[in-house]
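Contents: one structure, followed by commentary.
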Amino acid sequence: MPKVSALPAGFHPDRRRWGLGLVAATAVALLPGCAAFKQIGVDVVTFGAWPDQRPPGRYAFDRLPSQNAGSPEQVQLEDAAAQALQRVGFVPADSAARADVLVQTGWSRARVLSPFADPAPWWPARGGGGAPLPPDRRAHASVGVGIGIGRGGFGIGGSFGEPATYDRQQAQLLFIDRTSRDKLVEIRVQHEARYSSADYLPLLFDAGLSGFPDLKAGTRQVTVQLP
């Protein structure tokens with residue numbers, strides 16, 4: 001009786017070992033990149049500086065006329081700021097009159113055009129011409145490599161209509177001495193991503209207060225670990 005082989009014609013065991021080894025090596029090489037998805041980078045700009053030798057003390061929120069204390073947005077904003085403030089040693093005061101510092105908070109979010117977007121994007125149209133894409137869309141191309149057991153492949157593909165906009169959000173903290181009304185230090189934290197939300201607020205405030213009380217004027221980038 002002829003011997004039946006489970007391997008395809010032309011397949012050599014060495015090829016199988018080579019293919020598996022290459023796939024495993026590729027997977028291992030990609031593992032360090034997974035850490036990038038567990039952290040975000042934010043830009044922190046500080047105006048002024050926290051006074052030397054001044055302890056954190058008691059704080060109270062100082063709301064602007066446009067900030068409704070009972071609105072869900074303001075509650076979420078102040079809750080996020082309170083967590084960050086208490087982590088660096090501030091204590092909530094019973095009332096504004098008994099606070100050492102007053103804290104103003106702010107948050108804004110906007111959808112902006114990517115600086116890498118093509119100002120005049122197009123795709124080929126019938127007749128050899130080009131048809132313009134909408135202003136918030138752009139062309140996107142991709143290159144892929146495929147590896148299989150005993151064979152390999154290479155392909156180039158493209159897609160059109162990828163959004164060319166991204167989210168830019170900014171959180172602000174302003175510290176005011178309650179007695180003198182002097183503005184002590186202002187902090188702005190900005191984060192840009194494909195999509196974002198107010199859920200990032202605790203991380204943004206933590207980044208702005210990182211290093212407290214050593215808050216010196218200037219710009220710095222802070223890496224924040226995601227939960």
With a 4.5 Å heavy-atom cut-off, do [X] and [Y] have their side chains touching?
{"X": "Q86", "Y": "P92", "result": "yes"}
{"X": "H191", "Y": "I40", "result": "yes"}
{"X": "L173", "Y": "V103", "result": "yes"}
{"X": "Q74", "Y": "N68", "result": "no"}
{"X": "Q169", "Y": "Y200", "result": "yes"}
{"X": "D206", "Y": "R87", "result": "yes"}
{"X": "L209", "Y": "L85", "result": "yes"}

Straight-line distance of [X] [atom1] to [Y] [atom2], nearest 0.5 Å:
{"X": "E78", "Y": "F205", "atom1": "CD", "atom2": "CZ", "result": "9.5 Å"}
{"X": "E192", "Y": "R168", "atom1": "CD", "atom2": "CZ", "result": "4.5 Å"}
{"X": "E186", "Y": "L184", "atom1": "CD", "atom2": "CG", "result": "12.0 Å"}
{"X": "S210", "Y": "L215", "atom1": "OG", "atom2": "CG", "result": "8.0 Å"}
{"X": "I176", "Y": "Q104", "atom1": "CD1", "atom2": "CD", "result": "4.0 Å"}
{"X": "L201", "Y": "W107", "atom1": "CG", "atom2": "CH2", "result": "6.0 Å"}

Ignoring hydrogens, what is the shortest heavy-atom contact between [X] and [Y]? Give both atom names and the distance.
{"X": "R178", "Y": "A96", "value": "CD-O, 2.7 Å"}
{"X": "R188", "Y": "Q172", "value": "CG-CG, 4.0 Å"}
{"X": "G208", "Y": "I187", "value": "O-CD1, 3.6 Å"}
{"X": "V42", "Y": "A207", "value": "CG2-CB, 3.5 Å"}

Exercise. Among the clusters formed by ILVMFWY side chains lying less than 4.5 Å apart, do L174 and V185 turn up in the same one?
Worked result: no
For this session: Decide whether L204 and V88 are clustered together by the hydrophobic rule: side chain heavy atoms of Ile, Leu, Val, Met, Phe, Trp, Tyr closer than 4.5 Å, transitively.
Result: yes
Under 3.5 Å, side chain of [X] to main-chain N/O of [Y], donor-acceptor pair present?
{"X": "R220", "Y": "V44", "result": "no"}
{"X": "R109", "Y": "A198", "result": "no"}
{"X": "Q67", "Y": "L64", "result": "yes"}
{"X": "D177", "Y": "T179", "result": "yes"}

For this session: Among F212, F61, W50, find the residue that satisfies the ring-ring contact (aromatic ring centres under 6.0 Å, His included) test when tested with F175.
Result: W50
For this session: Under the salt bridge (charged side-chain N to carboxylate O under 4.0 Å, His left out) rule, what do R54 and D52 come out as? Steps first, then yes or no, please.
Result: CA-CA 5 Å; R54 176 166 182 161; D52 292 336; over 6 Å; no
Problem set entry | Derivation of the side-chain contact (heavy atoms from CB on, under 4.5 Å) call for Q76 and D199 | CA-CA 9 Å; Q76 183 179 15; D199 294 335; 3.6 Å; yes
For this session: Any chance you could lay out the salt bridge (charged side-chain N to carboxylate O under 4.0 Å, His left out) test for R194 and D167, step after step, and finish with the verdict?
Result: CA-CA 6 Å; R194 183 68 177 272; D167 281 346; over 6 Å; no
